[in-house]
Amino acid sequence: MLDIKVLRENPDAVRAGAVKKCMPDRAEAVDRALALDAELRAMTPRLDAMRSEQKAAGKQLGKLSAEQRPAFLEQQKALKVELQAMEEQEKQLRAELDTQLSLVPNIPDDDVPAGKTDADNVEVRKVGTVRTFDFQPRPHYEIGEAQGWLDFQRAAEMAGSRNYFLFGDLALLHDAILRFAVELLVQRGFVPVDPPLLVRDAAMFGTGFFPGGEEQTYRSEKDGLNLIGTAEVPVTSLHMGEILDAKDLPKKYVARSACFRREAGTYGKDTRGLYRVHQFQKVEQVVVDVADKARSLEHHHDIVKNSEDLLQACELPYRVVAVCGGDLGVPQAMKYDIETWMPSRNAYSETHSASRFYDYQARRLGLRYRPEGGKPQHCHTLNNTVAASPRILIPLLENHQNADGTVNVPAALRPYLGGRALLGTPVF
RNA sequence: GGAGAGGUGGCAGAGUGGCCGAUUGCACCGCCUUGCUAAGGCGGCGUGCCGGUUUCCCGGUACCGGGGGUUCGAAUCCCCCCCUCUCCGCCA
């Protein structure tokens, strides 16, 4: 969440930010928060004075004679009743303020393009050449089903739609790309993590997914736990409530985890194939560092580059887009998506998402650090996909397919496939 | 799942109704003493909020796992929840 001081000092910028994100209802939360804050601040001096009085009176009590005591106690009881009423009011105001403040979206940065939907995202650069086929290329699901690598039918029968079975070489390729992703980041100094997949609400709230993302989340009501939609949640929350030492920053983590998404409200969209599924594996990079905008920008650049390097190593054409205001989530200040070329969609489609938050998540998480000789401050956080599979299998299969249904393995992935350069047998 | 013990400031560890925002030790910072690969003395050393001064601070208030209750007054008593540890049971 934002610092209430930012709302006080620059309410227009905060409101404008919510509008840029196409969240007019959230803009109203700014005014509600400010009204509650003003009310709370008006009553605080009085409240503190009453507490002070009660405290001082308590200390006098012992010195009073037996005759003086009853009258004094009566007086204190009256004060107590008044105090309790006011404290009750304060508690409610504070809870309501927290609610409203948590609804206020992070302010989109100046480099966020205006726009409403992903159609308004702005291309930053395009890398690689889209292959020209001398045969009719097939969609990944046709190749996969012909090779016996994919089974959507049986998966749907036992688990519902948007589920899948991967078999054989495709199951191996799936694991290969994920392992490659982890190793690439480990080489670059990221600490590998295997995080919890079921988390408490505090982690969902702290990373900004709640409130708002409840419909996208699988939840075990019995245990009060949520299945993560991304390792960003447990990893960014790792140090919640802590005050880190500045000399231990930045913290860079790379986590491989299963991810679960309900995909509510997407019925009829991307129904074929591996594009939109309820469960997948993802390697995610998370950076926690000091509150310095320049450093955040550097990290953002670096984590995008990490993912670009992976795509280049996999010989996949892609483009980087700056996500527009309306397509930005509540907690992000700025986001780049990387879209990889998918022949069956005849389009670049999202495979990566790199966000910077400044201190928005850290404030919700109580994640702070102590600068050299200074007071604790909230950290800056960032994250980006390194590889999400099976979605990344779509461009891998489709861009590297041969006319006979076999698939070439990019050199970078061969070490994870026993050195093999070709997957599958001729099926077409 | 059952029984028990415990959660206090960076760490260790006192405190069982007001004298406690909290003894003490370690760690850390400053000064002093002294000198040689160290020791001793003195002082300082949590976080949030409100206000003042305005960036050195000062005053008030809250915080002893979280929430509620009893009380004029709670770290301290009661209830609920979370976490850690020990033992028993069950299961992989």
Side-chain angles (χ1 to χ4, degrees), chain A residues 1-9 33-102 104 194-206 210 219-226 233-234 237-249 251 290-291 359-360 362-379:
Chain A
M1 64 185 108
L2 293 173
D3 192 338
I4 184 69
K5 288 176 189 147
V6 171
L7 272 71
R8 284 179 202 148
E9 287 159 17
L34 283 171
L36 290 161
D37 178 54
E39 209 178 328
L40 209 44
R41 292 216 294 173
M43 75 184 298
T44 301
R46 169 94 184 107
L47 195 56
D48 281 359
M50 283 167 72
R51 283 172 171 150
S52 184
E53 187 189 337
Q54 186 182 58
K55 234 172 154 176
K59 286 181 184 173
Q60 287 173 17
L61 192 65
K63 300 172 189 159
L64 296 179
S65 65
E67 302 85 70
Q68 289 171 308
R69 278 180 95 98
F72 191 80
L73 280 180
E74 277 312 305
Q75 195 185 325
Q76 287 314 113
K77 279 183 188 171
L79 177 64
K80 178 193 177 180
V81 170
E82 200 184 343
L83 230 181
Q84 275 182 333
M86 200 175 265
E87 283 181 332
E88 178 60 26
Q89 196 188 346
E90 184 205 24
K91 199 176 70 188
Q92 284 177 11
L93 284 172
R94 198 166 294 285
E96 187 54 27
L97 173 58
D98 286 344
T99 302
Q100 294 304 324
L101 196 55
S102 74
V104 175
D194 191 337
L197 307 182
L198 281 161
V199 300
R200 289 232 172 86
D201 290 343
M204 297 299 290
F205 175 85
F210 288 177
R219 178 176 171 84
S220 168
E221 200 54 60
K222 195 174 178 181
D223 302 291
L225 294 171
N226 309 284
V233 174
S237 303
L238 177 61
H239 299 291
M240 76 173 132
E242 294 183 35
I243 300 177
L244 302 171
D245 211 323
K247 70 175 192 305
D248 295 329
L249 297 174
K251 297 259 187 200
V290 298
D359 63 5
Y360 191 90
R363 179 165 285 105
R364 293 168 82 105
L365 287 165
L367 166 56
R368 295 180 292 176
Y369 71 101
R370 190 183 299 281
E372 193 74 37
K375 299 208 123 216
Q377 290 192 45
H378 293 282
C379 296

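Any value given below was found using the heavy atoms of this structure, including those in side chains, with hydrogens, waters and symmetry copies removed. Convention: sequence-line order gives letters A, B, ...; per-chain numbering from 1.
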Nearest whole Å is fine: how far is B:C82 C1' from A:Asp201 CG? 13 Å

Gap in Å between the two P atoms, one belonging to B:G15 and one to B:G6, rounded: 12 Å

How far does the C1' atom of B:C28 sit from the matching atom of B:U16, given to the nearest Å? 32 Å

Is there a side-chain polar atom (N or O) of A:Arg41 under 4.0 Å from OP1 or OP2 of B:G51? yes

Paired nucleotide for B:U37 [Watson-Crick or G-U wobble; both distances under 3.5 Å]: none

Which residue lies toward the 5' end of RNA chain B, A:Glu87 or A:Gln54, if each is placed at its nearest nucleotide? A:Glu87

Separation of A:Tyr369 atom OH from B:G10 atom C1', in whole Å? 19 Å

If pairing means Watson-Crick or G-U wobble with both distances under 3.5 Å, then the partner of B:G4 is B:C85

Taking any heavy-atom pair under 4.0 Å as a contact, classify A:Lys80: base, sugar-phosphate, or nothing. base

Return the pairing partner of B:C90 with a 3.5 Å limit on both distances, Watson-Crick or G-U wobble; otherwise return none. none

Watson-Crick or G-U counterpart of B:G10, or none if no pair lies under 3.5 Å: B:C26

Of B:U70, B:A62, B:C72, the nucleotide closest to the side chain of A:Lys77 is B:C72

Between B:A62 and B:A22, how far apart are the two C1' atoms, rounded to whole Å? 15 Å

Evaluate the side-chain proximity of A:Met43 to A:Leu93: yes if any heavy-atom separation is below 4.5 Å, no if none is. yes

Of all heavy-atom pairs linking A:Leu365 and A:Ser237, the shortest is CD2-OG, 3.5 Å

Using Watson-Crick geometry (N1-N3 plus N6-O4 or O6-N4) or G-U wobble (N1-O2, O6-N3), each under 3.5 Å, B:C63 is paired with B:G46

Atom-to-atom span, CD of A:Gln92 to P of B:G68 - whole angstrom: 11 Å

Given the P atoms of B:C82 and B:G66, what is the spacing between them in whole Å? 15 Å

When the C1' atoms of B:A92 and B:C85 are considered, how many whole Å apart are they? 23 Å

Rounded to whole Å, the CD-C1' distance (A:Glu88 to B:G69) equals 13 Å

Does B:U70 have a Watson-Crick or wobble partner in any strand here, with both distances under 3.5 angstrom, and which is it? none

Between B:G48, B:C50, B:C82, which nucleotide has the shortest distance from any of its atoms to the side chain of A:Arg200? B:C82

Separation of A:Asp48 atom CG from B:A62 atom P, in whole Å? 7 Å

If you compare every side-chain N and O of A:Ser52 against the phosphate oxygens of B:G60 (OP1, OP2), does one of them come in below 4.0 Å? no

What is the separation between atom CE on A:Met86 and atom P on B:A62, rounded to the nearest whole Å? 14 Å

Integer angstrom distance from the P of B:C20 to that of B:A75: 12 Å

Given B:U61, B:C50, B:U47, identify the nucleotide with an atom nearest to the side chain of A:Pro45. B:C50

What's the gap between B:G43 and B:U33 when it is taken at their C1' atoms, as a whole Å value? 15 Å

Work out which heavy atom in A:Tyr369 is nearest to a heavy atom in A:Cys379; give both atom names and the distance. CD2-SG, 3.8 Å

Pairing partner of B:U55 (Watson-Crick or G-U wobble, both distances under 3.5 Å): none

Can you measure A:Gln84 atom CD to B:U71 atom P for me and round it to whole angstrom units? 9 Å

Starting at the 5' end of RNA chain B and moving along, which residue's nearest nucleotide shows up first, A:Pro376 or A:Ile4? A:Pro376

Would you say the side chain of A:Val199 lies within less than 4.5 Å of the side chain of A:Leu225, judging by non-hydrogen atoms? no

Considering only side-chain heavy atoms of A:Lys375, which listed nucleotide, B:G48, B:C72, B:U61, is closest? B:G48

Who is the Watson-Crick or G-U wobble partner of B:G21, with both distances under 3.5 Å? none

Minimal non-hydrogen separation, A:Ser220 against A:Asp223, with atom names: OG-OD2, 2.8 Å

Report yes if at least one side-chain N or O of A:Arg51 is closer than 4.0 Å to OP1 or OP2 of B:G73; otherwise report no. no

Nearest to the side chain of A:Arg368 - B:U47, B:G60, B:C50? B:U47

I want to verify a distance call: between B:U61, B:C50, B:C72, whose nearest atom is closest to the A:Lys55 side chain? B:U61

Does either side chain, that of A:Gln92 or that of A:Glu88, offer a donor lying less than 3.5 Å from an acceptor on the other one? yes

Could you work out the separation of B:A12 and B:U54 based on their C1' atoms and round it to a whole Å? 39 Å

Could you go step by step and tell me if A:Glu82 and A:Arg46 meet the salt bridge (charged side-chain N to carboxylate O under 4.0 Å, His left out) rule? CA-CA 11 Å; A:Glu82 200 184 343; A:Arg46 169 94 184 107; 2.9 Å; yes

Using a 4.0 Å heavy-atom cut-off across all strands, classify A:Arg8 as base, sugar-phosphate, or nothing. sugar-phosphate

So which heavy atom on A:Phe210 is nearest to which on A:Asp201, and how close? CE1-OD1, 3.7 Å

Rounded distance in Å - NZ (A:Lys91) to C1' (B:C63): 16 Å

Between A:Arg370 and B:U47, is there a side-chain N or O to OP1/OP2 distance below 4.0 Å? yes

